[in-house]
Amino acid sequence: MPRPLENRAVPPASDFQPLPQSFYEPSAAKVAPALLGHFLIRRTPQGICGGAIVETEAYLTDDPACHGYGRQTPRNRVMYGPPGRAYVYFIYGNHWCFNTVCAREGIAEAVLVRAIEPSFGKELMLAARPVQSELDLSNGPAKFCQAMGIDRTFDGVDLTDPDSPIIVARNLRKTQFCKERAPLITTTRIGITKASGLPLRFYLAGSAFVSRRSRQAEKQIV
DNA sequence: TAAGTGATGCAT
DNA sequence: TGCATCACTTAA
């Protein structure tokens, strides 16, 4: 029986410096690739867990696939708010997905985090998501949310506040991390029907924790 | 490849 | 109020 992580915050983890709000102010199309290699960290009473982001997708204003497309609703509310917040939504009756809100207040853009490499608190994540292979722990948008105990209660949390239960922290070795997992692939987004041809998915092809490989339409940025 | 799951939001 | 749709996962 999976044991969900407690949804309470703990004192600051001073080892981790959250990325500042200015990091999220550009369009999600810029932020999504820039996020690769930085750390998604969950702070719980039992300790921290999380790891480096290796796969993202951008959802833009005027993008029919974006949950914020059209107008503000109860669900997409935080996407319209200030950048640097978490947008967490429920999908397919079972799963949670985690986004970082981008662009200035009033512009609904976000980056869907699709996969992380489990680097910290692996035992906490395995307790919340028991899997045979570590490779299945966090190689999908709903998988790492289950492993890290991310659900609706975190919708809207400030990812730039060191006291938050979820932060995105700077990886001082990001350049090296990405180089070791090159190339950086830009391709089309997964699981959508609207605007499905846009090149707004980004992943480090050298990481074993990417959710799915693209067969074609790959473009290297390195 | 397909079923399961339930909230969401638009159509009625 | 009804119902198609859905940024997924798992078991086949």
Side-chain angles (χ1 to χ4, degrees), chain A residues 1-4 24 27-36 40 53-81 83 85-103 107-116 118 125-156 159 166 168 185-204 208-215 217:
Chain A
M1 186 68 171
R3 210 164 71 80
Y24 302 96
S27 166
K30 297 276 192 223
V31 177
L35 232 22
L36 297 176
L40 179 64
I53 297 166
V54 294
E55 181 182 350
T56 58
E57 286 179 359
Y59 288 86
L60 312 178
T61 187
D62 297 325
D63 165 11
C66 179
H67 286 173
Y69 184 70
R71 62 188 180 82
Q72 188 174 330
T73 66
R75 179 175 70 160
N76 65 29
R77 180 180 57 86
V78 320
M79 288 186 79
Y80 281 82
R85 302 280 177 83
Y87 165 53
V88 180
Y89 67 89
F90 188 61
I91 191 71
Y92 292 116
N94 278 311
H95 310 291
W96 300 97
C97 291
F98 170 87
N99 298 247
T100 67
V101 174
C102 297
I107 307 294
E109 297 203 352
V111 173
L112 171 71
V113 176
R114 290 194 52 91
I116 68 168
M125 292 194 278
L126 280 167
R129 178 176 162 78
V131 285
Q132 293 296 316
S133 168
E134 184 186 303
L135 291 172
D136 291 324
L137 188 54
S138 54
N139 61 337
K143 292 180 181 178
F144 77 80
C145 282
Q146 181 186 26
M148 295 172 69
I150 296 176
D151 62 25
R152 161 138 298 163
T153 61
F154 300 104
D155 188 40
L159 301 170
I166 305 176
V168 178
I185 299 292
T186 303
T187 185
T188 52
R189 296 174 292 185
I190 290 179
I192 58 171
T193 55
K194 292 170 262 185
S196 58
L198 300 179
L200 293 174
R201 176 175 177 234
F202 308 91
Y203 67 86
L204 297 172
F209 294 86
V210 170
S211 66
R212 283 170 54 177
R213 318 268 147 188
S214 65
R215 290 164 47 89

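A note on names: the letters A, B, ... follow the listed sequences, proteins ahead of strands, and every chain is numbered from 1. Just so we're clear, the structure is a prediction, and the values are computed from it rather than from any experiment.
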Pair partner, C:dC8 [Watson-Crick or wobble, under 3.5 Å]: B:dG4

Any donor-acceptor pair under 3.5 Å linking the side chain of A:Ser138 with the backbone of A:Ile116? yes

Interatomic distance, OG@A:Ser211 vs OH@A:Tyr203, rounded to 0.5 Å, equals 9.0 Å

Is the shortest side-chain N/O distance from A:Thr73 to OP1 or OP2 of B:dT8 below 4.0 Å? no

Contact under 4.0 Å: A:His95 side-chain N or O vs B:dT5 OP1/OP2: no

Taking any heavy-atom pair under 4.0 Å as a contact, classify A:Arg201: base, sugar-phosphate, or nothing. nothing

Reading DNA chain C from 5' onward, which residue's closest nucleotide shows up sooner: A:Lys194 or A:Phe144? A:Lys194

With sugar-phosphate meaning primed atoms plus P, OP1 and OP2, does A:Ala142 contact a base, only sugar-phosphate, or nothing at under 4.0 Å between heavy atoms? sugar-phosphate

Quick check for you: to the nearest 0.5 Å, what is the distance between A:Arg114 atom CZ and A:Cys97 atom SG? 8.0 Å

Can you see if the side chain of A:Arg189 gets near the phosphate of C:dC6 - specifically, an N or O under 4.0 Å from OP1 or OP2? no

Whole-Å distance between C:dA11 C1' and A:Asp136 CG? 13 Å

d(CG, A:Asn76; C1', C:dC6) in whole Å: 15 Å

To the nearest Å, give me how far apart OH (A:Tyr69) and P (C:dA7) are. 15 Å

5'-most contact on DNA chain C (nearest-nucleotide basis), A:Ala65 vs A:Val131, goes to A:Ala65

Send over the distance from A:Arg152 CZ to B:dA7 P, rounded to a whole Å. 9 Å

Is the distance between the ring centroids of A:Tyr89 and A:Trp96 under 6.0 Å? no

Side-chain donor/acceptor contact of A:Tyr92 with base of B:dA7 under 3.5 Å: no

Atom NE2 of A:His67 to atom P of C:dT5: distance rounded to whole Å? 15 Å

Indicate whether OP1 or OP2 belonging to B:dC10 is found under 4.0 Å from a side-chain N or O atom of A:Arg71. yes

Rounded to the nearest Å, what distance is computed from the OH atom of residue A:Tyr87 to the C1' atom of nucleotide C:dA7? 9 Å

Whole-Å distance between B:dT8 P and A:Asp155 CG? 10 Å

Between NZ of A:Lys143 and P of C:dT9 the distance, given in whole Å, is 6 Å

As an exercise, state the distance from NZ of A:Lys30 to CD of A:Glu109, rounded to the nearest 0.5 Å. 11.5 Å

Would you say a side-chain N or O of A:Arg75 is under 4.0 Å from OP1 or OP2 of B:dA7? no

